[in-house]
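The structure appears right after this line, and notes come after that.
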Amino acid sequence: MPAIMLTPIDIEYTYDHLDCNALNFVLENGYFSIHRSIVIDAEEDPIFSLPYFMLASPDWGEEGTYNAITELHISPHQLNFTFANAIATELTQVQIHCTQPVDLQLVDFLVNDLFLGDVVVYAEDVASELRVAQVLFQE
């Protein structure tokens, strides 16, 4: 299946800013970011229980949307996000190719700060110390 392929030059972590946690993959000429509300009232407005994604680059334009992730495949140098709905130009996958190995901070942030632990699938060659169990829960 075709995917958006991105290679970040940096990764930025934001904790509890404006009631959101955010992960920003900085690209040469743009970014791909994931925001997740940490103050959720899903009964009042269910859309806020989903993560918000923003993609901005010369190749893909600028798209932002709330979207469910059906799978996050983690391998030693790559993250592969599969979305329930198209993220940009009708594509439902985003592959992040990391120039440095995926580390514990990144995996823990994805699992416990963006609450994606229930959709994470680890590649066989991911070290056991990087396999994080979701211990924090959305409130």
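In what follows, residues are counted from 1 in the order of the sequence shown. Note that the structure is predicted; figures quoted are calculated from it, not measured.
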### Q134 side-chain N/O to G117 backbone N/O, donor-acceptor pair under 3.5 Å
yes
### Task
List for me each residue that meets side-chain contact (heavy atoms from CB on, under 4.5 Å) alongside I9, sequence neighbours excluded, and say none if there are none.
V26, E28
Identify all side-chain donor-acceptor contacts of residues 124-131 below 3.5 Å with residues at least two apart in sequence or on another chain.
from	atom 1	to	atom 2	distance (Å)
R131	NE	V126	O	3.2
R131	NH2	A123	O	2.9
R131	NH2	E124	O	3.4
R131	NH2	V126	O	3.1

Mind listing the side-chain donor-acceptor pairs of residues 67-78 below 3.5 Å, one per line with the distance, residues two or more places apart or on another chain?
from	atom 1	to	atom 2	distance (Å)
N67	OD1	N85	N	3.2
N67	ND2	N85	O	2.7
T70	OG1	T82	O	3.2
S75	OG	Q78	O	3.3
H77	ND1	C98	O	3.3
Q78	OE1	H97	ND1	2.9

### Task
Return each pair, listed once, that meets side-chain hydrogen bond (donor to acceptor under 3.5 Å, both in side chains) where at least one residue sits in residues 10-19; pairs must be two or more places apart or across chains.
E12-N24
### Message
For S33, give me all partners under side-chain hydrogen bond (donor to acceptor under 3.5 Å, both in side chains), at least two apart in sequence or on another chain.
### Response
H35
### Query
Is the ring centre of Y66 less than 6.0 Å from the ring centre of F53?
no
### Query
Roughly how far, to the nearest 0.5 Å, is the CD1 atom of I96 from the CG atom of L79?
6.5 Å
### Summary
To the nearest 0.5 Å, atom CD1 of I34 lies from atom CG of L55 at 11.0 Å
### Query
How many angstroms lie between OH in Y52 and CZ in R36, if you round to the nearest 0.5 Å?
14.5 Å
### Task
Hey, could you give me the CG/CZ distance between L23 and F32, rounded to the nearest 0.5 Å?
9.0 Å
### Query
How close do L91 and A3 get, heavy atom to heavy atom, and via which atoms?
CD1-C, 4.2 Å
### Message
Restricting to side-chain contact (heavy atoms from CB on, under 4.5 Å), what partner residues turn up for E62, sequence neighbours left out?
### Response
Y31, M54, A56
